[in-house]
Amino acid sequence: MARHPDDDALVFDLVDDEGGPDALPGPFVGSDEGAGRAEGDEPPGESGADRPPGDPVPAPRRGRWALAAAGVLATVLGTGLAVDGLRDAARAEEIRDVRGGVVDVSAPLDEIWAWTGEVGSRRAFVEGQGNQVAALGPLLAFESDGGLLALRASTGEEEWTVPLGPDPDCGPTGYLGWSELETKVMVCLQGSGADREVITVGPGGAASAPRTLDAGDERLYGYARPGPDGTVLRARRTGPEPPDQDGAQCPDEGECSGTVETGRDLRIRAEDAVTGEVRWTAVVPFRAMAAEGCRAAPALPWDRTDDIVRSGERLDAEGFGARIEAGLVQLWGCGFRAGVAAGGAVLGMDGVPGFAWVFGLDTGGYVAQTIAQRSDGTMDSTLYSPDGDVVTRVEGTLDRPRTTDEPRAATLLAADPFEGRLRSYAADGTQRWDVPVPDATAQFLAQVGETIVTTTWAGDVRGMDLVTGAPRWSWRAQGGLYDWSYESSYVSQAFTDGQSLLLLLRSGSGDQGLVSLDAATGELVWDGTSSHLLTQRPETMLLTVDGNLLEVSQAGVRRLG
């Protein structure tokens, strides 16, 4: 308990029995129903595995307790607490549910807990796919030592482990910065050949009864992969064999040349992981593509085979791969770069291959970034509705903030480096403003309060007015981080508590450190670049689960707070 610096009101800190200074009371505290269960656990019979795949996981109920507690204390102690306590409790609750939201980054961080062990599948390590993890409500889930393991983000406790058979493949998982991490249910395939089977696992850790996959389905529909929304995905090329690609080639040494004019479409099929019922099917059409986009490469192939390059050539008109997220399937292959929404809508991306990307929005809908087929190489972006319909097309790289305290009203920014402009759009495609900027290759870091924050690869960080785009502040670190200068640093990740902005800085040599800025003014709140807090491993990433900041590497997980 402490006195607010601006008045005589007493301010109370509300904490739960897990000991976290930023935690709030859970729904079962003080009730017989919750005896023996930790906060966030589901009552018996209501795990994600027992619930029909389409049913949503119940939202956490911490907010009602926090607001009720604040209201009671306000009645006893007066208006000061009503204003401050209610505001702070509501902000802390809301920030748990937003991308990059951390309950408090206003003071230097320290290690709260550490867990040591294998993070992610061994196959992912070999294939360079990073630490493939998933967020299941308040839990961080990942493959580890032959099982699917879940850690409670607030305490680091091992909530449950589900043993897995040979050749496991669990998903959807992701690598922060490349794909989404949150999901409601995990799908795990295990075994091989006629013994290949699938289970689902919800936040409670209860696995569904194994369902054996029909070996004939692989011949008809393609290799099985874990899909979004409790599905198993299958995909294969369809149609007659394409003719020889006259004029298109990718030699073992040198650049590809020519265009692959004809090829086969891709059919993708989603079946319910528990029942096998077909949920949806979609066809991604083949389009003529420059041969460079058909070069065989070590990107994760759909069938997870290791032999992806035929002897004597590197042109592969049949191969394809995917990144499977909780609400989106990213597909790439000769003749297409596309996204498929969780309901089966195809989000096509035309253009020069290799520079296209699609991502989902917190407000619903999707954005596809594509290289336009113009001589200057400028980029176009397409905004899609939640149903997959085209809303509008804009010039430049349309992007969302990496973190925001207002996900339901997030702004989109389009950087146009060739015209030196930065444009702001609403989620429905309405343009809000268009301003010149010193460096239009700016990356969209954050939208916090009335400020949007961008950064450049040179390390410049700028705050701009959300409504007008007018400059508010700029920041560039001074001094040194370990043995390297801020002059060679850049911002790779951003997080917020709704007031302060936490930035992860990286150097060209891979060293990294943390700083915190006031989002409204750009003033330095604290500098942790010399604290040696972070693990200096190239594959290390920071992510948030239920408002907790976690550092994840192949060798373990730590909570920072």
Side-chain angles (χ1 to χ4, degrees), residues 87 90-91 94-95 98-101 105-106 359-367 369 378-385 391-477 490-491 493-503 515-525:
R87 181 192 299 119
R91 179 182 59 81
E94 291 174 357
I95 211 69
V98 304
R99 183 188 305 105
V105 295
S106 63
F359 55 86
L361 301 175
D362 295 320
T363 52
Y366 308 88
V367 168
Q369 299 176 345
T378 54
M379 293 190 74
D380 285 342
S381 298
T382 304
L383 179 62
Y384 291 93
S385 72
V391 175
T392 188
R393 290 186 172 89
V394 302
E395 294 183 3
T397 57
L398 193 64
D399 207 356
R400 67 186 179 189
R402 299 182 191 176
T403 184
T404 177
D405 61 343
E406 289 290 343
R408 299 173 189 84
T411 293
L412 302 175
L413 292 184
D416 191 338
F418 293 90
E419 294 187 12
R421 314 289 297 185
L422 191 64
R423 303 180 180 96
S424 170
Y425 294 86
D428 63 0
T430 302
Q431 183 173 314
R432 290 171 170 166
W433 45 259
D434 180 348
V435 298
V437 289
D439 187 339
T441 62
Q443 309 293 307
F444 192 4
L445 283 183
Q447 175 186 328
V448 182
E450 297 300 314
T451 305
I452 62 173
V453 183
T454 66
T455 188
T456 68
W457 289 114
D460 294 313
V461 181
R462 298 186 179 94
M464 305 172 68
D465 187 273
L466 172 67
V467 177
T468 66
R472 282 192 163 189
W473 53 263
S474 64
W475 179 86
R476 186 165 188 163
Y490 61 94
V491 179
Q493 291 184 260
F495 307 88
T496 188
D497 59 8
Q499 296 174 339
S500 299
L501 188 63
L502 181 68
L503 304 179
V515 297
S516 178
L517 306 180
D518 185 286
T521 66
E523 295 179 357
L524 183 66
V525 178

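Judged by distance alone, with hydrogens and angles left aside, the side-chain atoms of Gln369 form a donor-acceptor pair with the main-chain N or O of Leu398 at under 3.5 Å. Under a 3.5 Å cut-off, the side chain of Thr451 and the backbone N or O of Gly463 do not form any donor-acceptor pair. The backbone N or O of Gly396 sits less than 3.5 Å from a side-chain atom of Ser381, completing a donor-acceptor pair. Side-chain atoms of Asp405 come within 3.5 Å of backbone N or O of Gly449 as a donor-acceptor pair. Formation of a donor-acceptor pair under 3.5 Å by the Thr404 side chain with backbone atoms of Gln447 is found in this model. With hydrogens and angles disregarded, a donor-acceptor distance shorter than 3.5 Å links the side chain of Thr496 to the backbone of Ser500. At distances below 3.5 Å, at least one donor-acceptor pair connects side-chain atoms of Thr455 with backbone N or O atoms of Asp460.
Rounding to the nearest 0.5 angstrom, the gap separating the CD atom in Glu94 from the CD atom in Glu406 is 7.5 Å. Atom-to-atom distance recorded for Leu422:CG and Ile452:CD1 is 6.0 Å, nearest 0.5 angstrom. With values rounded to the nearest 0.5 angstrom, Asp416 atom CG is found 8.5 Å from Asp434 atom CG.
Nearest heavy atom pair, residue Met464 against residue Trp433, reads CE-CH2, 4.1 Å. Residue Ala446 comes nearest to Leu501 through the heavy atom pair CB-CD1, 3.6 Å, listed as atom of the first residue, atom of the second, then distance. Ala427 approaches Leu383 most closely through the heavy-atom pair O-CD2, 3.3 Å. For the pair Ala414 and Glu395, the tightest heavy-atom approach, listed with the atom from each and the gap, is CB-O, 3.7 Å. Minimum heavy-atom separation, Arg432 to Thr411: NH1-OG1, 2.7 Å. The minimum heavy-atom distance linking Asp465 with Val467 is given by the pair OD1-N, 2.9 Å.
Taking the charged nitrogens against the carboxylate oxygens, Arg400 and Asp362 have no contact shorter than 4.0 Å, which rules out a salt bridge. Arg393 and Asp380 are not joined by a salt bridge, as no carboxylate oxygen comes within less than 4.0 angstrom of a charged side-chain nitrogen.
Side chains of Pro436 and Arg421 form a contact here, defined as non-hydrogen atoms less than 4.5 Å apart. Contact annotation: the side chain of Gln493 never approaches that of Thr403 to less than 4.5 Å [non-hydrogen atoms, C-beta and beyond]. Contact of the Leu503 side chain with the Leu517 side chain is registered, since non-hydrogen atoms from C-beta on lie closer than 4.5 Å. For the pair Trp473 and Glu523, the minimum side-chain heavy-atom distance is 4.5 Å or more. Under the 4.5 Å side-chain criterion, counting only non-hydrogen atoms from C-beta, Asp399 is not in contact with Val367. Annotation: side chain of Val491 is not in contact with side chain of Gln443 (no heavy-atom distance under 4.5 Å).
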*Carefully, step by step, assess Val515 and Leu524 under the rule side chain to side chain contact (heavy atoms under 4.5 Å, CB included).*
CA-CA 8 Å; Val515 297; Leu524 183 66; 4.2 Å; yes

_Audit row: Asp497, Ser106, side chain to side chain contact (heavy atoms under 4.5 Å, CB included) steps and yes/no_ = CA-CA 8 Å; Asp497 59 8; Ser106 63; 4.2 Å; yes

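With no hydrogens or angles considered, a side-chain donor-acceptor pair links Thr430 and Asp428 at under 3.5 Å.
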